[in-house]
Each structure stands twice: as structure tokens, then as C-alpha cells.
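Before any comments, here is the structure.
By convention here, the first residue in the shown sequence is residue 1. All heavy atoms count here, side chains included; hydrogens, waters and symmetry mates do not. In listed order, ligands and their atoms are each counted from 1.
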Amino acid sequence: MNESIHMHRAEKLWLRFGFLMLAIFLATITTASIIDGISPPSRVQTIDPTKVAQTPPFDHPGVRKISPGHYEVYYVAQIFSFNPQSISIPVGSHVTFYITSSDVEHGFYIPATGVNTMVTPGWVSSVSHTFTKTGKFLIVCHEYCGAGHQFMAGSIEVQ
Ligand code: CUA
């Protein structure tokens with residue numbers, strides 16, 4: 001009796017394809033993490049979502065100048081607005097946004113930039129961008145958060 005496992009040719013090909021895809025995905029992830037410096041969110045900050053209004057620096061949301069050309073902006077997302085609603089920064093600025101929610105899940109998306117993050121109650125999302133062009137940028141909430149979701153927006157004036 002022949003006990004060796006007999007595999008159909010198509011099955012072998014399919015297995016090879018599976019291993020090949022796995023190798024490609026692993027290579028992609030490795031390349032992204034080592035060469036492009038992409039990583040999962042780390043050093044994530046937590047916050048009590050019921051005490052956002054009393055927790056520095058979110059008790060005073062807004063723009064902080066860190067050094068020439070470097071800014072930090074603290075945002076509180078709440079149904080159905082961003083606080084601050086509009087800000088103004090000089091062109092060429094490197095801006096790090098820190099966003100938290102005092103109620104439900106929101107989104108923080110600035111079209112035409114790489115800024116795109118979810119805003120989860122209890123957590124501080126952070127994302128950076130260098131504004132190289134003047135103009136008005138829109139901030140939109142892109143996570144459905146309730147009846148007024150489509151009106152939840154803010155703006156950034158780059159001068
Ligand atoms: Cu906030 Cu949708």
C-alpha cells in the first residue's frame with residue numbers, strides 16, 4: 001500500500017501561490033517598517049473621556065508654537081464640532097495634531113494631506129503634517145457619529 005500523500009498538481013501550485021503571497025506580504029511589512037519607518041501607533045496617550053474639559057492641555061484646546069516653524073494643535077472632537085473650529089498657521093509649518101473625543105467615536109481627516117485618523121474616546125490620536133502650500137484646508141469628521149455628522153467640520157488657514 002502506498003502511504004505517501006498524493007497531491008494534485010493544481011493543489012501544489014495553489015500552495016506555492018499561498019506561500020509566495022505570504023512572503024510578499026512579509027517583505028512589504030518589513031520594508032515599510034524598516035525603510036519607510038511606518039509602525040503601529042506607539043506611545044499612545046490615554047485620557048478620561050468624561051474629564052476632557054478639565055484635563056490639560058485639552059482644557060485649553062488650540063495652537064501652541066513649539067519653535068519657529070513647529071506647532072502643536074490640541075483638538076477636542078465632540079458632537080458635532082471640533083474645538084478649535086478654525087485655526088491659522090504660517091505656510092511651511094510642521095504641525096502635530098493631538099485629538100481626543102469627549103463623547104463618541106469621531107474621525108479627523110484633512111483632504112489633500114496625509115492627515116487621517118480615528119478619534120476614540122479615552123485615547124489621544126496624534127498625526128503630523130507639514131503645510132507647504134497656502135490656502136484653506138478643511139477638517140472633516142469621517143466616522144459616522146450621529147445625526148449631525150455631516151456638519152462636523154473645521155478649517156485650517158495656511159498663510
Ligand atoms: Cu463626528 Cu462624524
Side-chain angles (χ1 to χ4, degrees), residues 18 21-159:
M21 292 311 286
L22 194 64
I24 291 171
F25 292 149
L26 282 172
T28 306
I29 294 168
T30 309
T31 308
S33 70
I34 295 171
I35 296 169
D36 302 329
I38 294 168
S39 66
S42 57
R43 296 182 295 130
V44 280
Q45 292 169 257
T46 56
I47 185 169
D48 182 343
T50 63
K51 294 196 177 78
V52 170
Q54 296 93 269
T55 310
F58 293 100
D59 54 344
H60 292 101
V63 183
R64 312 272 196 280
K65 187 173 182 177
I66 303 307
S67 62
H70 285 75
Y71 292 84
E72 287 181 350
V73 191
Y74 292 87
Y75 277 98
V76 177
Q78 65 231 326
I79 47 172
F80 297 102
S81 63
F82 291 106
N83 181 15
Q85 206 274 322
S86 57
I87 62 161
S88 163
I89 48 152
V91 68
S93 298
H94 180 76
V95 182
T96 303
F97 299 95
Y98 295 92
I99 319 110
T100 194
S101 167
S102 57
D103 41 46
V104 299
E105 186 89 34
H106 294 283
F108 189 90
Y109 172 51
I110 309 175
T113 70
V115 178
N116 181 346
T117 183
M118 285 168 82
V119 183
T120 307
W123 301 86
V124 178
S125 303
S126 73
V127 57
S128 297
H129 183 70
T130 302
F131 290 88
T132 54
K133 285 183 189 141
T134 57
K136 194 172 179 174
F137 290 80
L138 193 66
I139 305 167
V140 292
C141 175
H142 63 333
E143 284 292 327
Y144 182 74
C145 54
H149 159 73
Q150 68 272 30
F151 304 115
M152 186 164 169
S155 68
I156 299 170
E157 190 80 50
V158 181
Q159 296 164 327

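- Counting only protein N, O or S atoms, 4 lie closer than 2.8 Å to atom 1 (Cu) of ligand 1.
- The aromatic ring centres of Phe131 and His129 sit less than 6.0 Å apart.
- Contact annotation: the side chain of Phe97 never approaches that of Thr117 to less than 4.5 Å [non-hydrogen atoms, C-beta and beyond].
- Taking the side chain as every heavy atom from C-beta outward, Val104 and Ile79 approach each other to under 4.5 Å.
- Note: Tyr74 and Tyr98 have parallel aromatic rings, judged against thresholds of 30 and 60 degrees for the angle between ring planes.
- Under 3.5 Å, the side chains of Ser88 and Gln159 contain a donor-acceptor pair of N or O atoms.
- Residues Glu105 and Thr120 are in side-chain contact: their nearest non-hydrogen atoms beyond the backbone lie under 4.5 Å apart.
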